[in-house]
Amino acid sequence: MSKTFSFFLGCLIPNRFPELEKASRFVCDALDIGLEEMEGASCCPAPGVIKSFDKTLWYKVAGRNLSLAAAQGNDILVLCNGCYGTLKDVSMVLREDEGKLGMVRDSLSAIGRTLPYVPDVVHIVEHLCFDYGFDEIRKRVTSPLSVNVAVHYGCHLLKPARYRGFTSFEDPTFFDDLVETTGARSVPYLEKNSCCGAGGAVRSGLKDLSLDIARKKIASIKGADCIVTPCPFCHMQLMGVSEIPVIYITQLLGLALGGTPEDVGMEGPL
C-alpha cells in the first residue's frame, strides 16, 4: 500500500496550476504515499508535439527523465495524462525493444547519465485505484462529500490499451469508483468518454474547433455539481468553457480526507 515514488510534476502544474500540486501533496501525505523530488526533470516531452516531429528526440528526452528516477531507485508518479502518455509509453517500449533502449542509453552516456533499469510510470489515479485500493481510501475518509460529479477520464489515461492493460478503454469505471470513495456520486452523461478537445496540438492549431469539442462535452452534462479531472491539460481546457466548477481528483479526495479548501488550493467549499 505505502510506497515512495519519484514525483514528476511536468510543465503545466508548476506553471499554471500549483494548487493541483498542493492538493496532490496533501493527499499523498494523508495516505502515507512517499514522494521524492526529481531535481532537474524536464518536460516529459509532450506526446502531441515532440513525438509528432522527432520521435527519436522524444525517446531521448523521456529517457533522461526515466534516468533521474532510476538514480533514485524509484518508479515515477505522474499527475498528468500527457506526461503519463509519454513516460509510460516510452518505459514500455524500452522494455520491449533492445535497439531503442541501446539508443537511449548511448544518448544518456553522452551527458554523463545512465539507465541501469527502466522504471515503471504510474498515474496517481492508477496507483490509488489499483495499488492503494478503494477500501483503504474509504477507511481514511473523515469528511464524506454529498455532491454529484461528472467524471472526465481523458485520452492518455486509457489509451493505447496495450500499454495500459488495467481497464477497458470503451467502458471504464475505475475513476468513477475512486470518486465515489469520497461519498460523491458519479453521474452518467453522453460525452463522458469523449476527448476534451485540447490534445494532439488541436488547441494550439485549431483553438475554435478545440473549444467547440469541449463545449459539446460540457453541454451533455446534466445534474452535476462539478467536473473532476485527472489531467491539468484537460482541466485547463474544460475550465475555459464550463459554467460549473472543474476540480482535480486530489482536490476532491483531499476534502474527503479532512482537508480544508485552502489545503487543496480551492477558493471555497463545493
Side-chain angles (χ1 to χ4, degrees), residues 8-24 41-55 57-58 61-62 65 78-90 123-125 149-161 163-164 169-170 172 175 187-222 224-252 265-267:
F8 188 84
L9 288 171
C11 302
L12 201 56
I13 286 178
N15 286 292
R16 294 287 294 269
F17 297 116
E19 66 271 24
L20 308 191
E21 176 186 351
K22 183 177 185 180
S24 299
S42 69
C43 177
C44 57
V49 182
I50 304 298
K51 184 181 179 183
S52 301
F53 293 96
D54 191 336
K55 201 166 184 179
L57 179 63
W58 183 68
V61 176
N65 284 319
V78 301
L79 304 178
C80 169
N81 287 12
C83 297
Y84 186 58
T86 283
L87 296 176
K88 181 70 169 185
D89 293 3
V90 170
H123 194 292
I124 191 167
V125 169
V149 173
V151 171
H152 169 74
Y153 280 81
C155 301
H156 292 292
L157 185 61
L158 303 172
K159 303 171 187 176
Y163 288 155
R164 302 300 179 261
F169 68 86
E170 294 180 341
F175 195 16
V187 298
Y189 64 102
L190 184 62
E191 298 290 336
K192 182 175 180 178
N193 291 334
S194 297
C195 175
C196 70
V202 177
R203 181 182 170 93
S204 300
L206 298 166
K207 191 169 183 179
D208 289 344
L209 173 62
S210 169
L211 293 176
D212 283 345
I213 294 169
R215 290 188 187 100
K216 181 180 179 183
K217 185 179 185 82
I218 296 294
S220 77
I221 296 173
K222 310 296 181 187
D225 301 301
C226 63
I227 301 166
V228 172
T229 72
C231 173
F233 199 44
C234 299
H235 192 88
M236 178 176 69
Q237 174 80 342
L238 297 176
M239 278 182 67
V241 298
S242 178
E243 295 183 358
I244 61 175
V246 179
I247 66 173
Y248 187 73
I249 180 57
T250 53
Q251 293 181 303
L252 188 81
M266 293 174 61
E267 293 182 356

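For reference, positions follow the sequence shown, starting with 1. In this text, all values refer to a predicted model and were calculated from it rather than measured experimentally.
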Enquirer: Determine the minimum heavy-atom distance between L79 and Y248, stating which atoms define it.
Expert: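 For L79 and Y248, the tightest heavy-atom pair comes out as O-OH, 2.5 Å.
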Enquirer: Show, in sequence, the C-alpha distance, side-chain angles and deciding distance for I227 and H235, and conclude whether the side-chain contact (heavy atoms from CB on, under 4.5 Å) test is met.
Expert: CA-CA 9 Å; I227 301 166; H235 192 88; over 6 Å; no
Enquirer: Short question: side chain of E243, backbone of I218 - any donor-acceptor pair under 3.5 Å?
Expert: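 No.
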Enquirer: In Å and rounded to the nearest 0.5 Å, what is the OH to SG distance from Y84 to C231?
Expert: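 If I round to the nearest 0.5 Å, the distance is 12.5 Å.
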Enquirer: State, to 0.1 Å, how close C196 and L238 come at their nearest heavy-atom pair, and which atoms those are.
Expert: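 So the minimum-distance heavy-atom pair works out to CB-CD2, 4.2 Å.
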Enquirer: So, taking the atom named SG in C44 and the one named CG in N65, what distance separates them when rounded to the nearest 0.5 Å?
Expert: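 Answer for the SG-CG pair, C44 versus N65, is 7.5 Å.
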Enquirer: Between V149 and C226, is the side-chain contact (heavy atoms from CB on, under 4.5 Å) condition met? List the steps.
Expert: CA-CA 5 Å; V149 173; C226 63; 3.8 Å; yes
Enquirer: Check step by step if side-chain contact (heavy atoms from CB on, under 4.5 Å) holds for Y153 and V125.
Expert: CA-CA 10 Å; Y153 280 81; V125 169; over 6 Å; no
Enquirer: What's the separation between atom CG in L252 and atom OG1 in T229, rounded to the nearest 0.5 Å?
Expert: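 Those atoms lie 10.5 Å apart.
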Enquirer: Kindly give the heavy-atom pair with the smallest separation between I244 and A224, and that separation in Å.
Expert: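 Looking at all heavy atoms of both residues, the closest pair is CD1-O, 3.8 Å.
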Enquirer: With rounding to the nearest 0.5 angstrom, report the OG to CD1 distance, S194 to I213.
Expert: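 Rounded to the nearest 0.5 Å, the OG-CD1 separation comes to 9.0 Å.
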Enquirer: So F233 and N81, do their side chains get closer than 4.5 Å, heavy atoms only?
Expert: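 Not in contact.
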Enquirer: Yes or no on side-chain contact (heavy atoms from CB on, under 4.5 Å) for K22 and I13, after CA distance, side-chain angles and deciding distance?
Expert: CA-CA 10 Å; K22 183 177 185 180; I13 286 178; over 6 Å; no
Enquirer: Between D89 and K159, is there a salt bridge with N-O shorter than 4.0 Å?
Expert: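 Salt bridge between K159 and D89, a charged N being under 4.0 Å from a carboxylate O: no.
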Enquirer: Find the distance between CG (L157) and NE2 (H152) and round it off to the nearest 0.5 Å.
Expert: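 NE2 of H152 is found 9.5 Å from CG of L157.
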Enquirer: Measure the spacing between CG of L158 and CG of N193 and express it to the nearest 0.5 Å.
Expert: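 So the CG of L158 and the CG of N193 are separated by 7.0 Å.
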